[in-house]
Number of protein chains: 2
Amino acid sequence: MTTAADSKDEARLGLRRRRVTLHDLAKVAGVDPSTVSRVLNGDRTLVVKDETRRRILDAVEELQYVPNAMARGLRRQRSQMIGLLVPDIANPFFPEIILGAERVFSEAGYRLLLGNTSEDPEKEHAYVELLRSNVVEGLMLATAFTQDETVEELTRLGVPYVLVNRAHAGTSNYVVVDDRVASRGTADYLVGLGHRRIAHVSGPLYTETGLARLRGYREGLRAAGIEYREEYVIEGDFKEASGARAIERLLKLDEPPTALLAANDLLALGAMGACRSLGVRVPQDLSIAGFNDVPFCSMVTPALTSVRVPRLEMGMASARRLLDLLSGSDALQSPIVLGTELVVRDSTAPPSR
Amino acid sequence: MTTAADSKDEARLGLRRRRVTLHDLAKVAGVDPSTVSRVLNGDRTLVVKDETRRRILDAVEELQYVPNAMARGLRRQRSQMIGLLVPDIANPFFPEIILGAERVFSEAGYRLLLGNTSEDPEKEHAYVELLRSNVVEGLMLATAFTQDETVEELTRLGVPYVLVNRAHAGTSNYVVVDDRVASRGTADYLVGLGHRRIAHVSGPLYTETGLARLRGYREGLRAAGIEYREEYVIEGDFKEASGARAIERLLKLDEPPTALLAANDLLALGAMGACRSLGVRVPQDLSIAGFNDVPFCSMVTPALTSVRVPRLEMGMASARRLLDLLSGSDALQSPIVLGTELVVRDSTAPPSR
DNA sequence: TTGAAAGCGTTACCAG
DNA sequence: CTGGTAACGCTTTCAA
């Protein structure tokens with residue numbers, strides 16, 4: 001018992017005392033380390049005498065024992081960590097995805113290693129190495145601009161990964177929304193308001209999302225019997241500035257549009273800003289709709305009509321899928337497609353002309 | 001050489017082949033594992049024959065060897081990981097802090113484990129355990145509502161940690177801005193515009209930041225010889241709704257204020273929203289200033305005047321301090337206080353009455 | 001029901 | 001300059 005007491009004093013002493021190991025604990029409890037391990041891992045198959053268990057648990061309390069995760073990980077070949085890669089945490093699209101993932105993972109006893117790739121392929125690759133070095137057991141990629149190369153490398157390595165908000169031909173482990181259908185829905189809505197001259201600022205057309213949203217737009221117009229006008233479609237880059245630039249060009253046309261379907265909220269916001277400085281009123285002179293429904297949509301004036309993407313759900317679903325993969329369920333599951341919803345606010349109205 | 005070739009074929013085969021260890025590598029290179037280790041760790045003191053080095057490096061390429069981080073960590077007693085705790089990633093105040101920290105840490109070869117505490121003391125405590133279990137080497141706490149208990153426990157344990165945007169008596173390892181001075185600056189500015197009836201929606205008064213900003217406000221008024229009016233100060237909780245509630249009460253007063261100094265941007269935004277629905281024009285009828293300058297300040301209409309807090313810098317400085325701590329520099333450093341700047345936008349103007 | 005021993009994949013020390 | 005060997009702290013057979 002003196003051992004225990006001494007240790008306690010040591011603990012009070014504080015600062016950087018040697019870590020308590022299973023060994024110390026076993027000595028204090030008067031049993032073998034392996035027995036301690038069994039008790040601590042709640043091994044239900046092996047039965048342990050009640051009194052022994054008691055003694056061990058007491059010792060744990062006494063010594064404030066916490067197992068060393070690296071030793072355990074090395075032995076078990078599991079780190080209990082997941083890597084989550086995002087292109088830019090500051091982009092309001094991602095935090096909720098992270099939140100959703102964190103919720104599911106922490107519930108399952110996994111920790112989250114966060115990586116901001118800044119859309120840099122090298123950084124991205126560094127995180128693949130992390131997987132190979134057993135730092136993480138799986139990877140969640142929320143990086144839309146990802147080099148396909150990375151995805152292919154992961155597939156080749158045969159390691160567990162899931163794609164968030166992005167599809168890929170080589171896998172079915174991804175969670176997305178149907179961008180085409182959602183975009184089509186917004187187009188339909190604008191048509192329903194009475195608009196005929198509807199423009200579109202797209203995302204980069206080398207991204208899946210950019211393309212799909214453009215397709216949805218075209219589909220909506222076609223269904224309404226509205227002729228496609230090339231000058232009404234401008235390729236942007238998902239950032240504010242290109243939305244502003246687009247609107248400036250559109251308003252110079254002989255027949256300017258009465259509505260704008262932007263491929264994301266930032267583009268819409270940029271467009272709104274440009275309208276303000278040009279003295280064009282939204283929605284009276286021009287209706288604007290965005291995509292993603294990031295938090296600021298409801299904060300700007302006029303509040304922005306947008307497509308709600310269930311980001312929290314997306315993060316959670318992706319995490320669950322990855323967990324499935326990790327538990328070795330080899331059953332090939334199909335991609336997960338989540339539903340969207342058009343949130344109508346104040347930036348859209350019937351055309352006044 | 002056959003071994004190497006075989007391994008290569010195995011690699012092409014892909015899927016879940018056994019990990020390559022230092023042993024395999026040593027065999028292929030025809031040297032002892034310890035020699036490989038020396039070469040790979042770039043030990044400059046020990047000299048290695050060029051040809052040996054060459055052979056080893058070739059083998060690394062050949063086998064695509066990546067060291068096992070857990071084995072290394074166990075041996076070296078270092079995980080190369082830092083835990084970063086935030087109360088809520090979705091709060092726009094935090095992403096940039098995370099970004100700054102990530103930048104510094106990844107440069108230094110550390111990885112970031114992200115923890116969302118949701119202001120839940122239990123979760124917070126779970127992350128302290130992570131430290132004790134050697135998962136992370138240090139902790140960065142960006143949680144303003146943190147129980148003091150946690151900080152004290154960390155101090156007692158003698159482990160490396162740093163506080164972000166929050167001071168604490170028991171330590172000098174924190175990075176903050178001078179909230180009082182910044183708040184005072186905004187008050188001075190409003191006074192300078194000609195306002196005399198200036199109200200304040202504070203943060204929770206059990207937070208350091210909440211208190212300090214209130215003090216700055218009072219100081220500014222006192223310096224201008226403006227009498228303190230109790231009914232002009234309302235305690236909020238840093239969230240939109242309480243900003244709205246506050247403004248409703250303030251506008252019912254016999255002498256409603258002509259300016260509002262909000263303790264953060266969310267409060268200011270809530271106030272702005274309430275003004276809109278009450279038909280009160282900003283800034284003509286009421287000037288509003290916020291605090292933190294989160295990204296949406298420049299996006300709302302009218303754009304919100306606010307105090308810029310160097311969040312990226314804050315994340316970086318905190319990370320650097322933690323790195324210092326980790327490298328065992330025992331030199332007691334003083335707290336880091338970063339400068340702020342008032343960003344004047346469209347939500348503030350001279351009083352019209 | 002418990003103990004002993006053999007690793008997990010590294011690194012660091014000591015010989016040679 | 002390089003090889004052997006003993007840990008790091010834990011889990012998991014295999015015996016007893």
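Quick note: numbers below take in every heavy atom, side chains included, and nothing from hydrogens, waters or symmetry partners. All figures in this text were calculated on a predicted structure; none of them were measured in a lab.
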- prompt: On DNA chain D, nearest-nucleotide positions of B:T35 versus A:N68: which is more 5'?
  reply: B:T35

statement: The residue, B:G30 or B:A71, whose nearest nucleotide of DNA chain D is more 5′ is B:G30

message: Which nucleotide wins on minimum distance to the side chain of A:T52, given the candidates C:dT1, C:dT10, C:dA12?
response: C:dT1

field: Test: B:D58 and B:R54 ion pair at under 4.0 Å
entry: yes

- prompt: Among D:dG9, D:dT2, C:dT11, which nucleotide sits nearest the side chain of B:S37?
  reply: C:dT11

task: Could you work out which one of C:dT11, C:dT2, D:dG3 sits closest to the side chain of B:R72?
output: C:dT11

message: Less than 4.5 Å apart, side chain to side chain, heavy atoms only: is that true for B:Y65 and B:V36?
response: no

query: What nucleotide, of D:dT12, D:dC8, C:dC8, holds the atom closest to the side chain of A:L74?
result: C:dC8

message: Taking the minimum atom-to-atom distance to the side chain of B:R75, which one of C:dT2, D:dA6, D:dC10 wins?
response: D:dA6

message: Under a 3.5 Å cutoff, is there a donor and acceptor pairing between the side chains of A:R111 and B:Y127?
response: no

- request: Answer yes if the side chains of A:D120 and A:S118 hold a donor-acceptor pair under 3.5 Å, and no otherwise.
  value: no

- request: Using atom CZ of B:R76 as one end and atom P of D:dC8 as the other, report the distance to the nearest whole Å.
  value: 17 Å

Candidate nucleotides D:dT13, D:dG3, D:dT11, ranked by approach to the side chain of A:N41 - the nearest: D:dT11

